[in-house]
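Written below as structure tokens is the structure these notes are about.
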Amino acid sequence: MAADKVDPIHQFHINKLIPIEIGGYDLSFTNSALFMVATVVVAAAFLFLTTSSRSLVPGRLQSVSEMAYEFVGNMLRDAAGTQGMKFFPFVFSLFMFVLVANLLGLFPYFFTVTSHIIVTFGLAALVIGTVVVYGFMKHGLGFLKLFVPHGVPVFLLPLVVLIEVISFVSRPVSLSVRLFANMLAGHITLKVFSGFVVSLSALGAVGVAGSILPLAMAVALTALELLVAFLQAYVFAVLTCMYLNDALHPGH
């Protein structure tokens with residue numbers, strides 16, 4: 001148990017809560033699945049409870065919900081125009097899921113689902129899949145204009161198209177790694193400084209005095225992680241809006 005307290009990687013271990021195996025496939029319900037369900041439940045419950053009264057003069061919690069609604073709506077309109085509002089439920093759901101998952105991960109002994117690349121890559125793949133499917137449904141082969149910028153000389157076109165294709169294919173990787181890496185690095189750093197506090201405090205009065213600096217760093221990092229939790233949800237959502245704009249308006 002002592003090793004677990006100071007091991008910065010232990011917090012990311014996936015543990016089976018309900019073992020399930022069907023046809024040789026491991027479909028066990030894990031702590032990661034539990035906190036993904038908890039994220040959806042918490043986000044849905046917050047939005048439902050804060051907007052159920054629909055007061056003309058909103059209270060504090062209703063104001064928070066309305067601010068989140070307007071924040072995502074303005075973000076989507078700025079990036080993709082009024083046509084982009086058809087994707088509002090999709091973008092708002094992604095924003096709330098990532099934000100609540102990040103915030104839940106800040107509680108001691110909770111699990112941060114966005115610190116696992118498979119989760120963030122799944123969300124990123126969903127975004128890019130939506131862009132590709134909608135782009136071809138709306139524009140047909142015209143969607144391929146996305147890879148052919150205007151005004152490029154003919155002799156440079158093959159190179160530019162290749163660069164555009166590679167850039168597009170790398171989007172789910174960059175989108176997922178950015179969120180995953182920030183959450184992983186932040187939680188590891190916070191765990192390391194918290195471990196210093198625990199280890200030094202066990203050394204007596206001198207250790208307690210020496211633990212003041214790591215404790216101050218842990219508090220500062222906690223505040224920073226709170227900011228990062230929101231910023232990463234914002235970045236994920238705003239990049240989603242920009243990618244959806246390519247599906248709506250593939251021409252450069």
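For this chain, numbers begin at 1 and follow the sequence in order. Everything quoted here is computed from the prediction, not taken from an experiment.
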Does atom [atom1] ([X]) have a neighbourhood of more than 12 heavy atoms from anything else shown, all under 6.0 Å?
X	atom1	result
Phe230	CZ	yes
Ile20	CD1	yes
Leu227	CG	yes

Query raised in the report: Under 30°, 30 to 60°, or over 60°: which ring-plane class applies to Phe143 and Phe147, parallel, tilted or perpendicular?
Result: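 Rings of Phe143 and Phe147: perpendicular, as their planes differ by over 60°.
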
Query raised in the report: How are the rings of Phe71 and Tyr234 set relative to one another: parallel (under 30°), tilted (30 to 60°) or perpendicular (over 60°)?
Result: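 Aromatic pair Phe71/Tyr234 classed tilted.
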
[X] side-chain N/O to [Y] backbone N/O, donor-acceptor pair under 3.5 Å:
X	Y	value
His187	Thr112	no
Thr30	Ala33	yes
Asn31	Asn15	yes
His139	Gly135	no

Do [X] and [Y] make the cut of ring centroids closer than 6.0 angstrom?
X	Y	result
His13	Phe111	no
Phe35	Phe110	yes
Phe121	Phe180	no

Report task. Could you check Asp246 against Arg171 for salt bridge (Lys or Arg N to Asp or Glu O under 4.0 Å), going step by step and ending with a plain yes or no? Result -> CA-CA 12 Å; Asp246 289 339; Arg171 284 180 178 182; 2.8 Å; yes

Report task. Pick out which of Val131, Val238, Val132 makes a side-chain contact (heavy atoms from CB on, under 4.5 Å) with Tyr243. Result ->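 The residue from Val131, Val238, Val132 that satisfies side-chain contact (heavy atoms from CB on, under 4.5 Å) with Tyr243 turns out to be Val131.
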
Query raised in the report: Can Thr240 and Phe90 be said to form a side chain to side chain contact (heavy atoms under 4.5 Å, CB included), step by step?
Result: CA-CA 10 Å; Thr240 297; Phe90 176 63; 4.2 Å; yes

Requested in this report: Answer with yes or no whether the side chains of Ser65 and Thr50 bring together a donor and an acceptor at under 3.5 Å.
Outcome: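 Yes, Ser65 and Thr50 have a side-chain donor paired with an acceptor closer than 3.5 Å.
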
Requested in this report: Any chance you could lay out the side chain to side chain contact (heavy atoms under 4.5 Å, CB included) test for Val40 and Met36, step after step, and finish with the verdict?
Outcome: CA-CA 6 Å; Val40 173; Met36 280 191 275; 5.9 Å; no

Query raised in the report: What is the minimum heavy-atom distance between Met85 and Gly73, and which atoms define it?
Result: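 Nearest pair, atom of Met85 first, then Gly73: SD-O, 3.8 Å.
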
